[in-house]
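Note that this is a predicted model, so its numbers are computed, not measured. Proteins get letters first, then strands, A, B, ... in listed order; numbering begins at 1 in each.
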Amino acid sequence: MRAEKSPPAIELRRVTKRFTTDSGAPYTALRDLDLTVDEGEFCAVVGPTGCGKSTTLTLVSGLERPSAGSVAVHGRPVDGITPGVGFMFQTDAILPWKSVVDNVSAGPRFRGVPKKEALESARDWIRRVGLAGFEDRFPHQLSGGMRKRVALAQNLINEPRVILMDEPFSALDVQTRAKMSDELLALWDLTRPAVVFVTHDLEEAIALADTVVVLTAGPAATIKARFRVDLPRPRVVQEIRFDPRFLDIYHQIWDALRTEVDIAYSQSTRLDDDRRAS
Amino acid sequence: MRAEKSPPAIELRRVTKRFTTDSGAPYTALRDLDLTVDEGEFCAVVGPTGCGKSTTLTLVSGLERPSAGSVAVHGRPVDGITPGVGFMFQTDAILPWKSVVDNVSAGPRFRGVPKKEALESARDWIRRVGLAGFEDRFPHQLSGGMRKRVALAQNLINEPRVILMDEPFSALDVQTRAKMSDELLALWDLTRPAVVFVTHDLEEAIALADTVVVLTAGPAATIKARFRVDLPRPRVVQEIRFDPRFLDIYHQIWDALRTEVDIAYSQSTRLDDDRRAS
Amino acid sequence: MTAQEAQVEVTAVESAHRRAARRHRVLVHLTQLAVLVVVLGGWQLTVQDNPRSVILYGVPSGILGRLTTWVTEGTAIGSLGDQIATTLEEALIGFAIGTALGIVCGVALGRVRFLSEVFGPFIKVLNAIPRIVLGAVFVLAFGLGIESKILLVIVLVFFGVFFNAFQGTREVDRNFIANAGILGASRWQVTSQVVLPSAFTWIIASLHVSFGFALIGAIVGEFLGATSGLGVLIKQAEGTFDANGVWAAMVIMAVVALAAEWLITRLENRLLRWRPAQLAGPDL
Amino acid sequence: MTAQEAQVEVTAVESAHRRAARRHRVLVHLTQLAVLVVVLGGWQLTVQDNPRSVILYGVPSGILGRLTTWVTEGTAIGSLGDQIATTLEEALIGFAIGTALGIVCGVALGRVRFLSEVFGPFIKVLNAIPRIVLGAVFVLAFGLGIESKILLVIVLVFFGVFFNAFQGTREVDRNFIANAGILGASRWQVTSQVVLPSAFTWIIASLHVSFGFALIGAIVGEFLGATSGLGVLIKQAEGTFDANGVWAAMVIMAVVALAAEWLITRLENRLLRWRPAQLAGPDL
Amino acid sequence: ASQTASGGSSSGGPGDKVSIMVGGLNKQIYLPFMLAQRLGYYKDQGLDVTLQDEGAGVDATTDMVAGKVDGVGGFYDHTIAMQGLGQQLESVVSMLTTPGEVELCRNEVKDQIHSPADWKGHNLGITDVGSSTDFLTQFLAQKNGVDPASTHRVGVQSGATLIGAMQHGNVDCAMTTEPTVSTLLATGDAYVLLDMRTAAGTAKQLGGEYPATSLYMTTDYVTKHPDIVQKLVNAYVKTLKWIQDHTGADVAAQMPADYYAGSGKDAYVKAFDSEKGIYNPTGIMPPNGPSTNLKVLQAFNPDVKGKSIDLSKTYTDKFVQAAK
Ligand SMILES: Nc1ncnc2c1ncn2[C@@H]1O[C@H](COP(=O)(O)OP(=O)(O)OP(=O)(O)O)[C@@H](O)[C@H]1O
Ligand SMILES: Nc1ncnc2c1ncn2[C@@H]1O[C@H](COP(=O)(O)OP(=O)(O)OP(=O)(O)O)[C@@H](O)[C@H]1O
Ligand SMILES: [Mg+2]
Ligand SMILES: [Mg+2]
């Protein structure tokens, strides 16, 4: 057991999450999931759509409670929103009544940083995510990709010790995505937070992460396999995908993932399922 | 001029779209954009994030009016929501108070199809997008990717003559995405609607489309180049990317796109931009 | 660990939650009891030794006594049930009509820009008129029958529902409306299947207040002239310096209103089944 | 085509829009005028030849005459301005306090589950009490000064604002609250920077109705005993069969309320700058 | 003229402050209160009087008991009812020796109702259940051999609501005062069943004088501020004299135009002239009056029924006698 060492940044032990649906029949999204992310580790999570990736993140952030099992961050059991954890939601969650600069500076302002200082570092972050010139826009005046980047800046500006990201780059074009990834890696290298990064892009997962975790198809998803990515750092995201070692790892993970995706898809298109409630 | 031929499915002529921002300074999103999509043509649109792809679609759908220029669908000028046009939004727009099956059957029901028939074809579509077993769930009980697929089914069930899709597969894993693409191509082959497909995934664009349109970086975006994809049909999305012709086209388009993405990115991170309102 | 075991553990966690919820409920009820005891007890103690205050302000024990008499022996103007039935009938009919009108007008003006531009100012003017004063006009025009009371209830109920229905209609997410339109919904279908469900929380919120005003309207209508009803009871109690009687009538109205509230809440829960449970938040 | 040319074309399209908007506005005002003429003209014509109806229902020309007299010669109880000022003072102070209380209680109960569980039933009971009747109690307890009128206004204003603030608080998108919490916002910061802006449309919607009730409260308070104010004017006109006087006082109140509405709408537009223009929809 | 409301009786300013609440300042039965102000009699006495308007005498009385006003211009019988409840009030000047009330019936029942004896089974309008008109109506019914329980008494207030109730047949007869009486008669919808605006009429109906409008105050106040009370009574006695010496036209000239804005000056003058007899010329409580009141109340008012009332404590003539 690891009890003697310094505790891992994130530790989920035998976590089960059930939802009660309207029909009354409970739906088990996760069952007996064990996941440990060490201090400073960059962990990517992949899995078929609807398997429970977002659910896992909400459990770590403390927005939801597990139905069974335990969740701990930095060794302390999670019980409500955990300070020092950043969470980039899958859906838009930036505040529509605040302009871009106010949205980005919200974190520091909440934490009591003086206004001037907060605005300054917000402007810096806005530039880093490529939104210079849009500081005074309101969210509804931005494109989908721009809103995602506001959310990114909003979270990173807080320099959290644990970062949870739910498909942060999915609305970005390849180039911007690569640039954002580089930005993220640079920041991560600087402060070495623990990162859990949900994505559908396997290349992205491998290019960024130390470990890639593959979830099984739902219901009752759990961890199918865990792969170490031992590519040297620092990495340049756009170049690393031509590394032969990269392709090797890619194929390993892809094999694991594909079976799960196939299961998920065939499950949900089975005709006999048609008449079942869940 | 093409005046004598049967009119194209979609025709944008010298379209300009300006937004007035709060500071009062107008922001020109599109300028002098000309785009023609023929009957039965599958047109993919790519461009840097925030350039004006979604804006173009809202103009075609009739949800927004151009500031100058004209928009016509099937030869008729657009003036309010155009019947026979399907539009899959970039953001969630399925109705939260309707269950999955009610959401999918909404279109036929609106159009007066008897309830039983509508439900039946809705169930069929739900299965096709891989959501069998989730018919009675409400949207908040679905994952992000599942909601996207509900929206997809909701639009396709109407068999529209013109389909506008704004990053429809961005929240899906690679495998599901490929399966959805196949589904889409099969449907398209059957009824041959005109399709405008916005995506950030260049491979996806080429695999699906007859023409790929590259937009320039905003502000005042317009069409930079238009590429014909003369790969034979029917295509199998997962295999076509290994075709050498595919790679050839890919590199051509990627060159065009990259310069725009670079311009967009450097524009918005220029430090002197920092102090400008827009 | 087998699935079986996991199942057992989940059940254990859930029953622990249920126990905590039960403890919480008990705590809530105890606090409520404490508040009640403090308020009523304080009132009783301050007032009871001063006969003049008893006459002016009434006293809880006296109110209880009056209620008992009314229930067991009936009131001066007939059985208590009759009075409640009269007032309730006026309030409910007026409430139903006023609410329906408010919803229809609110949604119509919210949906049709021209209507709201033309009639908006008129509705604001009507909203500003002290509607209680209209009671006399209604009696002139319609006599002392139930019509004038119902009209008074309607004018008191209408505006609250109207403004909420109107604002609720405007607040509907444009994306939903656009999506429904593109899926082929007619204007009417958009209204009934997108706007109404979405504005529904707005409308329900206004019903709480409106029901209170419906009762006020019925009472004031009865003040202006009636042969039975709780308003007559209150007027009579006032006429004979019987503060306890006034309070007793109010207690009865409060009970009636609580019953109505309970129904409104049930309706709300039924129609809002589609929402995430947390989003519904604490229930009133 | 050069950018210059495009610019010219855009400007042309925009000025065409502006022209259309102007035409639309004229049409709206003409329709309003037509409605006014039909209603007032109809009233004048039906009533004017029947002296009895004139006495009982009043007549537009008479109302106008009464207004002129009041403005030029003052009323029986002093200058018209004084009466308006008195009523407005009562209504505004009560409105301010009632609104503030309503917002504070609504948001507090909406945010803190325990509070809403404990006090929810009490608030519902209080909402059910015919608050007009409380006016008499307030006079007993606080005399005929401005306090009792303000209290009456407060109890009439409070509930509308409360229920909307409460529901608005519960309707806030959970994602926003979660996001703010994760960014490090304290409970208080979440309330002030997420809940309040988001519940704001709810609160504003209730202000429209509440201001109407504030005026009613002030008037009814003056009915119960006062030396000046529009309520006294109305009471007096009623006592002397001066229907024109009653209506004239109501017209004055409507004008006052319209001015207040205009201010509320300005506040609304100011605070809702962040919204997409279409989302704001037609303005009332 | 009038200032903002002020409760209590703290002095200061130009004169002694007194607040008086009246159940309908513009009704002719309460004329002396406003008339005294218009004639400047309060000021002559060094008083700063605030007149408050209030719809119902009952509410005015409770407000006074609660100490919010110093005096009430209302019907004398409230002092008796209050004694029944253990509160001591006293009338210091009596302004009306007849109730000033008129029973009107709608024309449709002219063939059925010739006197209160025909009331059985009919709807009778009163201002409010539990008000003076209620007790008067019940008394009249009983006196004419009709069981009050066999009539339906409906509170219809006065003014427009009463007229509406009559026009729509909700009540067949109703008891009310000026100006409702003349307005209703002018429309030709109603006839007078019995008239208590004269001493003779009152005596005929009630068997004696029936003191109505008076200024009453708490006994407490009267003992504490005899000087103020005296000044008030001085003013009213002068006013009552003035009334005897003048015509309706003179009164109308004194009153604010708004007081006759509705039915017109002529109607107001006519109404005054026709009921000038209701005003007490001296202000002295008619010797047999209080017992008439008590008789009426003891029959029907639950607050008074079965209680022993000391009538001598409910009024005093000493201020009127001392008035100069
Ligand atoms: N409130 C809920 N009630 C019932 N089922 C729910 C609820 N929330 C989520 N689920 C179910 O839990 C499963 C996991 O959802 P989750 O959002 O975690 O998926 P995901 O892995 O993030 O998928 P995606 O990649 O599409 O975002 C889904 O099948 C979903 O339907
Ligand atoms: N209402 C508005 N007011 C001002 N500017 C707006 C408004 N709507 C869009 N814009 C601007 O128009 C530009 C184009 O937006 P659009 O949503 O069309 O981009 P997009 O190409 O779809 O980007 P993405 O790929 O990120 O979705 C953006 O710069 C955006 O800021
Ligand atoms: Mg997800
Ligand atoms: Mg877009």
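Side-chain atoms of D/R111 and D/T169 form no donor-acceptor pair, as typed in the model, at a separation below 3.5 Å. Judged purely by distance below 3.5 Å, without hydrogens or angles, the side chains of D/Q167 and C/T201 never pair a donor atom with an acceptor atom.
Between the side chain of C/N244 and the backbone N or O of C/V59, at least one donor-acceptor pair lies under 3.5 Å. D/W43 contributes a side-chain N or O that, together with a main-chain N or O of D/G58, makes up a donor-acceptor pair within less than 3.5 Å. C/S206 places no side-chain N or O within donor-acceptor distance of the main-chain N or O of C/N164, the cut-off being under 3.5 Å.
The contact between D/V246 and chain C is made entirely by side chain atoms (from C-beta outward), counting heavy-atom distances below 4.5 Å. If you measure heavy-atom distances from C/L140 to chain D, the contacts under 4.5 Å come from both the backbone and the side chain. Neither the backbone nor the side chain of C/V256 comes within contact range of chain D, judged by heavy atoms closer than 4.5 Å. In this structure, the portion of C/W247 lying under 4.5 Å from any heavy atom of chain D is its side chain and not its backbone. In this structure, the portions of D/L156 lying under 4.5 Å from any heavy atom of chain C include both its backbone and its side chain. Only the side chain of C/A136 comes within contact range of chain D, judged by heavy atoms closer than 4.5 Å. Residue C/R25: no heavy atom, backbone or side chain, is found under 4.5 Å from chain D. Heavy atoms of C/I252 lying under 4.5 Å from chain D are absent altogether. Looking at C/F211, neither its backbone nor its side chain comes within 4.5 Å of chain D, counting heavy atoms on both sides. For chain D, no part of C/H29 is nearby; none of its heavy atoms comes within less than 4.5 Å.
Partners of C/S210 by side-chain hydrogen bond (donor to acceptor under 3.5 Å, both in side chains), not counting sequence neighbours: none found. In this structure D/Q83 satisfies the side-chain hydrogen bond (donor to acceptor under 3.5 Å, both in side chains) test with no other residue, sequence neighbours excluded.
Comparing D/V255, D/V118, D/L36 by how many heavy-atom pairs each has under 4.5 Å with chain C, the most go to D/V118. Chain C forms the most heavy-atom pairs under 4.5 Å with one residue out of D/I216, D/I234, D/I204, and that residue is D/I216. Note: D/A254 leads D/G217, D/G168, D/A254, D/A218 in heavy-atom pairs under 4.5 Å with chain C. The candidate with the highest count of non-hydrogen atom pairs below 4.5 Å against chain D, out of C/L230, C/L115, C/N127, is C/N127.
Distance CG/C/L88 to CG/C/L215: 7.5 Å, rounded to 0.5 Å.
Figure legend: C/R131 and D/F213 shown as a cation-pi pair, the cationic atom lying under 6.0 angstrom from the six-membered ring centre and within 45 degrees of its axis.
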